[in-house]
Amino acid sequence: MAPMIEKQATGAALPLLEQAGCELWDVCFEKEGAMWYLRVLFDREGGVDSDSCEEISKPINELFDKQPFIEQVDILEIGTPGISRRLRKPEHFRAWLGERVRAQVKTEKGETYVTGTLDDYDEEKNEITVNGETVMLKKCIKVNAEPDDYE
């Protein structure tokens, strides 16, 4: 169900974002607790301020209200991916090569974090290399961008 809703939401939102001069970063439909969240994350060269975010969010919200998939959504979030944006798609990993990331990784003892420069992304093997350490993406809880000056 989630991939289908993400695809439908992407198809609906993309023309509006492109018309506004924005780039779609991600559309994510996921369950947190008892609630289903649909997040539409976008960016624009030079950044997005709160006024332009509101201008873009309004038509997307109005369009989504008319879509059948909205009945499955408990909470709709429309905004920017932020400074520590989540990396989920091949294009995200390719764009972040050479940049600092933080991967939250499942281990036999719980979880650990691997932080450093994203040295490599192998789409075929579905793995990343951070500071020389190779991590299978299926073992990652999440991978986020982590700018050097981020604390």
Side-chain angles (χ1 to χ4, degrees), residues 1-107 110-118 121-123 126-128 130 135-151:
M1 172 175 70
M4 180 184 69
I5 289 176
E6 289 175 357
K7 184 176 180 179
Q8 291 172 349
T10 297
L14 190 57
L16 293 173
L17 290 169
E18 288 175 342
Q19 182 179 350
C22 295
E23 172 187 329
L24 179 65
W25 176 258
D26 203 356
V27 173
C28 186
F29 183 62
E30 59 192 351
K31 190 171 187 175
E32 289 184 14
M35 309 296 270
W36 280 95
Y37 285 75
L38 178 59
R39 293 182 176 96
V40 178
L41 305 173
F42 64 93
D43 209 348
R44 175 173 26 207
E45 190 162 327
V48 179
D49 62 23
S50 60
D51 290 338
S52 59
C53 188
E54 185 177 337
E55 289 173 17
I56 295 163
S57 296
K58 187 176 178 183
I60 293 173
N61 196 3
E62 290 172 355
L63 178 62
F64 280 16
D65 281 343
K66 299 172 187 168
Q67 304 300 314
F69 64 77
I70 202 66
E71 294 175 13
Q72 306 297 317
V73 177
D74 295 310
I75 298 175
L76 174 62
E77 293 180 359
I78 304 169
T80 67
I83 194 166
S84 62
R85 59 191 63 207
R86 187 169 167 197
L87 309 179
R88 291 190 331 137
K89 299 179 177 182
E91 56 268 24
H92 295 163
F93 292 104
R94 286 191 294 269
W96 235 256
L97 284 170
E99 302 294 333
R100 188 172 169 84
V101 298
R102 180 176 186 169
Q104 184 179 1
V105 183
K106 292 181 274 188
T107 68
E111 62 187 54
T112 188
Y113 292 91
V114 178
T115 304
T117 302
L118 180 60
Y121 166 65
D122 189 325
E123 186 173 359
N126 202 28
E127 62 187 25
I128 58 173
V130 179
V135 179
M136 297 292 298
L137 284 172
K138 69 181 180 182
K139 293 191 177 213
C140 291
I141 297 166
K142 63 183 174 179
V143 180
N144 290 82
E146 187 172 85
D148 289 329
D149 57 353
Y150 182 73
E151 295 191 24

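Side chains included, hydrogens not; waters and symmetry mates left out as well; all remaining heavy atoms used.
- Interatomic distance, CD1 of Ile75 versus OH of Tyr37, reported as 3.5 Å (0.5 Å rounding).
- Looking only at distances, no side-chain donor or acceptor of Arg44 sits under 3.5 Å from a matching main-chain atom of Leu17.
- Taking CZ from Arg102 and CG from Leu87, the interatomic distance works out to 13.5 Å, rounded to the nearest 0.5 Å.
- Distance check, rounded to the nearest 0.5 Å: CD of Glu127 to SG of Cys140 gives 10.5 Å.
- Residues forming a side chain to side chain donor-acceptor pair (under 3.5 Å) with Asp49 (at least two apart in sequence, or on another chain): Ser52.
- In this structure, Gln19 places its CD atom where only 12 or fewer heavy-atom neighbours from other residues, nucleotides or ligands lie under 6.0 Å away.
- To the nearest 0.5 angstrom, Glu23 atom CD is 11.5 Å from Phe42 atom CZ.
- The two residues Leu41 and Leu24 make their nearest non-hydrogen contact at O-CD1, 3.5 Å.
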Let me see the working for Phe64 and Val40 under side-chain contact (heavy atoms from CB on, under 4.5 Å), right down to the final yes or no. CA-CA 11 Å; Phe64 280 16; Val40 178; 3.7 Å; yes
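- Contact check for Val130 versus Thr115: no side-chain heavy atoms found under the 4.5 Å cut-off.
- Residues meeting the side chain to side chain donor-acceptor pair (under 3.5 Å) test with Lys89, sequence neighbours left out: Asp26.
- Between atom CD of residue Glu45 and atom SG of residue Cys22 there is a gap of 11.5 Å, rounded to the nearest 0.5 Å.
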Between side-chain atoms of residues 1-16 and protein atoms elsewhere (two or more places apart, or another chain), which donor-acceptor pairs fall under 3.5 Å?
residue: Glu6; atom: OE2; partner: Phe29; partner atom: N; Å: 2.9
residue: Thr10; atom: OG1; partner: Glu6; partner atom: O; Å: 2.7

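- Residues Ser57 and Ile78 come closest through the heavy atom pair OG-CG2, 3.4 Å.
- Taking CG of Asn126 as the reference point, atom OH of Tyr121 lies at 6.0 Å (rounded to 0.5 Å).
- Scored by the side chain to side chain donor-acceptor pair (under 3.5 Å) test, Glu18 finds no partners at all (sequence neighbours excluded).
- Counting only residues at least two apart or in different chains, side-chain hydrogen bond (donor to acceptor under 3.5 Å, both in side chains) contacts with residues 67-82 comprise Arg39-Glu77.
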Mind running side-chain contact (heavy atoms from CB on, under 4.5 Å) on Arg85 and His92 for me, showing each step along the way? CA-CA 9 Å; Arg85 59 191 63 207; His92 295 163; over 6 Å; no
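- By the side chain to side chain contact (heavy atoms under 4.5 Å, CB included) test, Lys142 is found to be paired with Arg86, Gln104, Asn144, residues two or more places apart in sequence or in another chain being considered.
- Between Phe93 and Val143, the closest side-chain pair of non-hydrogen atoms falls below 4.5 Å.
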Working for side-chain contact (heavy atoms from CB on, under 4.5 Å), residues Glu54 and Lys58: CA-CA 6 Å; Glu54 185 177 337; Lys58 187 176 178 183; 5.7 Å; no
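- Closest of all the heavy-atom pairs between Cys28 and Arg88 is SG-NH1, 3.6 Å.
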